[in-house]
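Encoded as structure tokens, the structure appears first; notes follow it.
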Amino acid sequence: MINQKHLNTFMKLVETKHFTHTAEQLFMTQPGVTQHIKKLEKHFNTLLLARYGKQFELTLAGEKLYQMGLSMRTLEAQLSESINHDDATRGICSITCSGALANFLYPYFVQQQSVYPQLSVFVEAAPNQNIITDLLSNKIDLGIVTRQTVHEQLKQTLVGYEELQLVLPASVDLNQDWNFAALNQIGFINHPDGLHFLKKVFSSNFTAEYKGLNSLNIKGYVNQLQQILLPIAQGVGYTILQKRAVQQFSQQQQLKVLPLTHAIQEPLYLTQKRYRQLPSRYQWFEDKIKHLLG
């Protein structure tokens, strides 16, 4: 590698065209300047200066080295500017949350992107565990999860609550005794967060009858938010979803929500890497999420 101190001496010499002036500006002795040039010539195994009297001309190798030095100065200046510049209006923002939250939040994110076209907003729907895994592997920068995760690398902020609803086909009679046995008879439609939601609802509302997941009649599994409620609308099974997701379903008349004795509010945690500094462009998104969900 080129000795940067020697290169700096060479660049100054080319620009002053005078050994004494170079030594004075670099607070060196004139022999010291000469020594730096000789070491560079030894490094490249070629002459950099064609000396005549007390003057000199650059050799072809010297011209190339000087031009390279100018390029390095430019790159260093650009690097310094890039490192110290944090533009809040451009760059990629990657955010992952549940499908229901993605549908709710994304229109607001697009509005911000329309004001600042240099922003690239990546929003993905995923279950809790996938979000945590992707955060820890730096695949995403922000996530919203419903579970508090104790991990030294994660920072979580409570930003709101989401009500869970037990959804049945519209054909059922809500006045009948909807105990665990009755629900189990029509079967559960599972989804990525389904069992987590079910345990929270059942442990508070069907304590006497519910005997754990081994006793659960699972009628199906769907991992697409828009389709989770489709079988319920067709009279097949029941499921448990966030109220926001239920409200977003197009066939509302085909559903009924069972009133629960103990309403379940699922916490929402804005989650990120604790020691990973996010660019300033994320601040607007964090503030917007807290405002909308708070």
Side-chain angles (χ1 to χ4, degrees), residues 95-109 123-132 135 142-151 154-169 172 174 177-180 182-184 188-213 216 218 222-226 228-229 232-233 237-249 252 255-272 285-294:
I95 303 168
T96 305
C97 54
S98 70
L101 283 178
N103 287 342
F104 173 65
L105 294 171
Y106 189 57
Y108 296 96
F109 296 168
V123 177
E124 186 173 356
N128 283 315
Q129 190 52 53
N130 290 20
I131 296 173
I132 296 299
L135 278 169
L142 274 183
I144 305 173
V145 297
T146 60
R147 303 182 199 180
Q148 193 166 20
T149 304
V150 179
H151 196 292
L154 292 179
K155 171 187 173 184
Q156 293 189 296
T157 304
L158 181 65
V159 293
Y161 291 89
E162 189 88 287
E163 181 183 341
L164 297 182
Q165 293 188 331
L166 196 157
V167 189
L168 292 159
V172 305
L174 292 181
D177 182 18
W178 283 102
N179 54 28
F180 174 73
L183 289 169
N184 214 31
F188 180 64
I189 301 299
N190 196 12
H191 54 85
D193 285 318
L195 297 180
H196 169 66
F197 291 167
L198 183 139
K199 284 191 286 187
K200 297 197 77 168
V201 170
F202 277 29
S203 61
S204 297
N205 291 273
F206 303 97
T207 310
E209 306 96 343
Y210 176 55
K211 304 301 181 184
L213 296 180
L216 192 64
I218 298 179
V222 188
N223 68 352
Q224 296 296 320
L225 177 67
Q226 295 84 353
I228 293 173
L229 291 170
I232 288 84
Y238 73 97
T239 196
I240 299 173
L241 268 180
Q242 306 100 322
K243 180 179 180 179
R244 200 184 308 272
V246 177
Q247 291 174 335
Q248 292 170 359
F249 187 63
Q252 291 289 308
L255 306 175
K256 284 184 179 177
V257 175
L258 182 67
L260 297 173
T261 303
H262 302 286
I264 303 300
Q265 298 287 335
E266 187 84 331
L268 299 172
Y269 296 99
L270 185 62
T271 308
Q272 63 188 84
F285 292 91
E286 290 187 44
D287 292 342
K288 197 66 174 178
I289 289 169
K290 292 175 182 177
H291 173 72
L292 291 171
L293 301 183

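This structure is a prediction, so every number in the text was calculated from the model and none was measured. Numbering of residues begins at 1 and proceeds along the displayed sequence.
Counting heavy atoms of neighbouring residues, nucleotides and ligands inside a 6.0 Å radius, atom NE2 of His151 exceeds 12 of them. Atom NZ of Lys256 is surrounded by more than 12 heavy atoms from other residues, nucleotides or ligands within 6.0 Å. No more than 12 heavy atoms of other residues, nucleotides or ligands sit less than 6.0 Å from atom NZ of Lys243.
Contact annotation: the side chain of Trp178 approaches that of Val172 to within less than 4.5 Å [non-hydrogen atoms, C-beta and beyond]. Between Asn190 and Leu216, the closest side-chain pair of non-hydrogen atoms is not below 4.5 Å. Looking at heavy atoms from C-beta onward, Glu286 lies out of side-chain contact with Thr157 at the 4.5 angstrom threshold. Counting heavy atoms from C-beta on, the side chains of Ile144 and Leu105 come closer than 4.5 Å. Under the 4.5 Å side-chain criterion, counting only non-hydrogen atoms from C-beta, Leu293 is in contact with Leu101. Looking only at side-chain heavy atoms (C-beta outward), Gln242 and Glu266 stay at 4.5 Å or farther from each other. Residues Leu166 and Phe202 are in side-chain contact: their nearest non-hydrogen atoms beyond the backbone lie under 4.5 Å apart. In this structure, the side chains of Tyr269 and Thr149 stay at 4.5 Å or more apart for every pair of heavy atoms.
Leu183 and Tyr238 make their closest contact through O-CE2, 3.3 Å (heavy atoms, listed as atom of the first residue, atom of the second, distance). When all heavy atoms are compared, the tightest approach of Gly237 to Pro169 is O-CD, 3.4 Å. Minimum heavy-atom separation, Ala182 to Asn179: N-OD1, 2.9 Å. Closest heavy-atom contact between Gly99 and Ala125: CA-CB, 3.6 Å.
Residue Leu142 holds its CG atom at 9.0 Å from OG1 of Thr96, rounded to the nearest 0.5 Å. Remark: Ser98 OG to Ile131 CD1 distance equals 7.0 Å, nearest 0.5 Å. We find the CG-CD1 distance between Leu241 and Ile228 to be 5.0 Å, quoted to the nearest 0.5 Å. Taken to the nearest 0.5 Å, the CZ atom of Phe104 stands 5.0 Å off from the CG atom of Leu292. Here the CG-CZ distance, from Leu198 to Phe188, works out to 4.5 Å after rounding to the nearest 0.5 Å. Here the NE2-CG distance, from His191 to Asn223, works out to 11.5 Å after rounding to the nearest 0.5 Å.
Side-chain atoms of Asn205 come within 3.5 Å of backbone N or O of Thr261 as a donor-acceptor pair. Asn128 contributes a side-chain N or O that, together with a main-chain N or O of Thr146, makes up a donor-acceptor pair within less than 3.5 Å. Listed for the Gln248 side chain is a donor-acceptor partner under 3.5 Å among the backbone atoms of Ala100.
Of the residues Val246, Val222, Leu229, the one that meets the side-chain contact (heavy atoms from CB on, under 4.5 Å) test with Thr239 is Leu229.
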Problem set entry | Step-by-step side chain to side chain contact (heavy atoms under 4.5 Å, CB included) determination, Ile289 to Leu268 | CA-CA 10 Å; Ile289 289 169; Leu268 299 172; over 6 Å; no

Problem set entry | side chain to side chain contact (heavy atoms under 4.5 Å, CB included) evaluation trace for Val167 with Phe249 | CA-CA 12 Å; Val167 189; Phe249 187 63; over 6 Å; no

Exercise. Is there a side chain to side chain contact (heavy atoms under 4.5 Å, CB included) between Ile240 and Lys200 once you walk through the steps?
Worked result: CA-CA 10 Å; Ile240 299 173; Lys200 297 197 77 168; over 6 Å; no

